[in-house]
Visitor: 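I have a structure I would like to understand better, so I am pasting it below and will then ask my questions one at a time.
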Amino acid sequence: PQLADQKTLARQIYEAYLKNFNMNKAKARTILTGKTSNPPFVVHDMETLQLAEQTLVAKMVGSAGALKDREAEVRIFHCCQCTSVETVTELTEFAKSVPGFSSLDLNDQVTLLKYGVYEALFAMLASSMNKDGLLVAYGSGFITREFLKSLRRPFSDMMEPKFQFAMKFNALELDDSDLALFVAAIICCGDRPGLVNVSHIEVMQESIVRVLQLHLLANHPDDTFLFPKLLQKLADLRQLVTEHAQLVQEIKKTEDTSLHPLLQEIYRDMY
Amino acid sequence: KEKHKILHRLLQNSTSPVEL
């Protein structure tokens with residue numbers, strides 16, 4: 001009966017993942033390996049960026065026209081924020097579908113999201129990356145790593161650490177069913193600062209982590225160390241988010257750019 | 001609670017869109 005419960009939990013989490021996230025690894029890999037009839041538009045310089053803005057991301061950038069005269073770095077930063085806000089919204093809906101999450105103390109739900117969403121976001125972002133670039137605009141565009149690196153500082157420092165993480169993370173060859181449980185484990189984490197009912201969350205965390213371990217053994221029988229490797233990735237993601245939050249604070253201080261209110265809430269008093 | 005108004009709103013109401 002216990003094994004049946006664990007399989008049910010794994011299935012519920014996987015279904016919630018497929019339902020709530022617009023992009024997933026299977027979709028992204030189909031596009032990145034050229035198996036679609038419509039290959040993504042490649043952004044590799046200022047000219048192709050402008051072309052992409054006129055077509056693919058017109059809604060994001062051009063809505064108020066407020067950004068059209070701003071420099072490319074600021075426009076890209078704004079696009080990143082829009083994507084982040086969408087993913088945070090998807091992650092919130094995903095979290096609510098994880099059995100037990102919605103019955104947690106509401107303030108604890110907020111704390112789990114505040115600290116978990118960026119770790120989850122960077123873990124999932126790896127699915128849309130290869131060594132040369134990143135899928136954007138729901139997979140209709142591909143922005144090259146070299147172009148992102150060529151932006152002026154501090155914007156050029158934004159994505160390179162995520163590519164470096166993604167290359168190592170992608171080498172683990174997780175599929176969407178593994179990622180669903182991994183993302184759930186990131187969110188249901190008992191040691192986030194300020195949690196009120198830690199024991200309640202630890203019970204949830206324990207069952208998700210156990211299900212993740214069993215699922216990995218079944219899904220990757222040849223990689224017996226995959227589970228401990230993934231636990232290490234949790235620590236790496238925490239470090240990645242800490243550095244990202246510092247960079248965003250620096251950009252906020254030194255650049256004339258606005259930060260979306262939802263992201264401000266998340267970053268404020270984070271670490 | 002005031003510090004995380006939008007997160008609270010997202011958690012309590014799935015239909016409420018977040019303005020971009």
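Letters go in sequence order (proteins before strands), and every chain restarts at 1.
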Visitor: Calculate, to the nearest 0.5 Å, the distance between atoms CG and NE2 belonging to A:N107 and B:H8 respectively.
Guide: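 Rounded to the nearest 0.5 Å, the CG-NE2 separation comes to 4.5 Å.
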Visitor: I would like to know whether A:L106 and B:Q12 meet side chain to side chain contact (heavy atoms under 4.5 Å, CB included); could you show each step before the answer?
Guide: CA-CA 9 Å; A:L106 186 60; B:Q12 292 181 295; 3.5 Å; yes
Visitor: Within the distance-only criterion (no hydrogens, no angle test), does the side chain of A:K96 pair as donor or acceptor with the backbone N or O of B:L11 below 3.5 angstrom?
Guide: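 It does hold such a pair.
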Visitor: Report yes if some heavy atom in the side chain of A:E265 is under 4.5 Å from a heavy atom in the side chain of B:K3; otherwise report no.
Guide: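 A:E265 does not reach B:K3 side chain to side chain.
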Visitor: Roughly how far, to the nearest 0.5 Å, is CD of A:Q109 from CG of B:L7?
Guide: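 It comes to 10.5 Å.
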Visitor: As an exercise, state the distance from CG of B:L10 to CG of A:L113, rounded to the nearest 0.5 Å.
Guide: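 Here the rounded value is 8.5 Å.
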Visitor: To the nearest 0.5 angstrom, please state how far the CG atom of A:L263 sits from the CD1 atom of B:I6.
Guide: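 One gets 8.5 Å once the value is rounded to the nearest 0.5 Å.
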